[in-house]
2 protein chains.
Amino acid sequence: MPVDLGHSQALRLLHDVSLQLVRDGGVDLSNRQMSILLTIYLELPPHTVRGLAQKLNVTKPVITRALDAMGDMDLVARRRDPADRRNVIVQRTVQGALFLEKLGDLVVANARALQP
Amino acid sequence: MPVDLGHSQALRLLHDVSLQLVRDGGVDLSNRQMSILLTIYLELPPHTVRGLAQKLNVTKPVITRALDAMGDMDLVARRRDPADRRNVIVQRTVQGALFLEKLGDLVVANARALQP
DNA sequence: TTAAATCGTTACGGTTCCGTATCGAAGGCC
DNA sequence: GGCCTTCGATACGGAACCGTAACGATTTAA
């Protein structure tokens, strides 16, 4: 699906997508939460609290709290690492995969509608 | 700048952009704030508190508070409507235009880097 | 076997945002 | 003039998030 993405189209795409997310009033994630969620689902596992904190350049409590919030929404899950029980492995969930699938659809649909 | 934007590339683009925004730790806007800012700069003026509230499907205090916060950052400005002094006209600023320009560049650069 | 290091979580005070309800200012209408 | 509507802002109590600092659990090293 080739899309002619210039400066103006890029901003328009962000505008349309964010507007629909806000208007629908469904799952409401902060920038950090969204960034964490996308990292978990798009980058290679395993994901730990410490690893995510380093990658996002934030402190560990930020990750813990974000995982708490997203865990309550069933978007991610946590599991102790059996090899080193100090570590926590962050895992994907069906609910989280579903949410990201819809998000991807939303972006693609808006990118397509962008063309004149 | 044609970009092959499928489902997977769309999510990857969101991931890369949001990750860089979080990592840089600069201007940190919520989804609602970002949505308001993009609406002000991409849609036709004039923009009023009430109009933005309707468009985003949120209450008026949400808009007032977002404008307070973004006004402190000089991303937007407010002015009374001289024709009907009950209204407040939301205006763009140099600082805001600059921020959105950089944001557009970021999206375009990441979209370009997406291609294999 | 102690001592030190690492990992994720929690405690704390402070800040920001939320939704509901209400407010004063301004305009429209009789 | 008096009444009602509309506009944006504010008050309020509650919830969420922040950064710093400490904590318990676990592993590693001496």
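Numbered from 1 within each chain, the chains take letters A, B, ... in sequence-line order. What you see below is based on every heavy atom in this structure, not just the backbone, and it leaves out hydrogens, waters and symmetry mates.
When each of D/dT26, D/dT10, D/dT20 is scored by its nearest atom to the side-chain atoms of A/D84, the top-ranked nucleotide is D/dT26. Comparing C/dT9, C/dT20, D/dG19 against the side chain of B/P61 picks out C/dT20 as the nearest.
Here the CG-CG distance, from B/N110 to B/L19, works out to 9.5 Å after rounding to the nearest 0.5 Å. Taking CD of A/Q91 as the start and CD1 of A/I40 as the end, the distance is 10.5 Å to the nearest 0.5 Å.
At D/dT28, none of the side-chain N or O atoms of A/R85 fall inside 4.0 Å of OP1 or OP2 (strictly under the cut-off). Checking the phosphate oxygens (OP1, OP2) of D/dG8, no side-chain nitrogen or oxygen of B/R78 falls inside 4.0 Å. Dashed line: the shortest gap from a side-chain N or O of B/T64 to OP1 or OP2 of D/dA9 is under 4.0 Å. Residue B/Q33 places at least one side-chain N or O closer than 4.0 Å to OP1 or OP2 of C/dC17.
Among the candidates B/N31, B/L29, B/L38, B/T39, the single residue satisfying the side-chain contact (heavy atoms from CB on, under 4.5 Å) test with A/S18 is B/L38.
Between the C1' atom of C/dT9 and the CG atom of A/L52 lies a distance of 15 Å, rounded to the nearest Å. One interatomic measurement links the two molecules: CG of A/L56 to P of D/dG19, which rounds to 12 Å at whole-angstrom precision. Atom CZ in A/R86 sits about 12 Å away from atom C1' in D/dA29, given to the nearest Å. At whole-Å resolution of the value, CD in B/Q91 and P in D/dG8 are 14 Å apart. One can place CG of A/D28 at 11 Å from C1' of D/dA16, the figure rounded to the nearest angstrom. Atom CZ in B/R80 sits roughly 8 Å away from atom C1' in C/dA25 (whole-Å rounding). Taking atom CG on B/D68 and atom P on D/dT10, their separation rounds to 7 Å, with Å as the unit. In this structure, CG of B/N31 is placed 13 Å from P of C/dC17, rounded to the nearest angstrom.
Residue contacts for A/S30: at a heavy-atom cut-off of 4.0 Å it reaches no nucleic acid atom on any strand shown. Contacts of B/R65 with the nucleic acid, taken as non-hydrogen atoms under 4.0 Å apart, include base atoms. Contact annotation for B/R50: backbone-only contact, meaning every heavy-atom pair under 4.0 Å involves sugar-phosphate atoms and none involves a base.
Between B/T48 and A/V62, the residue anchored closer to the 5' end of DNA chain D is B/T48, taking for each the nucleotide with the nearest heavy atom. Checking B/A66 against B/K60, the closest nucleotide of DNA chain C that is more toward the 5' end is the one next to B/A66. Mapping A/A69 and A/D81 onto DNA chain D via the closest heavy atom, the residue that lands nearer the 5' end is A/A69.
Under the salt bridge (charged side-chain N to carboxylate O under 4.0 Å, His left out) criterion, A/R78 pairs with A/D68, not counting sequence neighbours.
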Task: Verdict with supporting geometry, A/T48 and A/V88, side-chain contact (heavy atoms from CB on, under 4.5 Å) - done: CA-CA 6 Å; A/T48 66; A/V88 160; over 6 Å; no
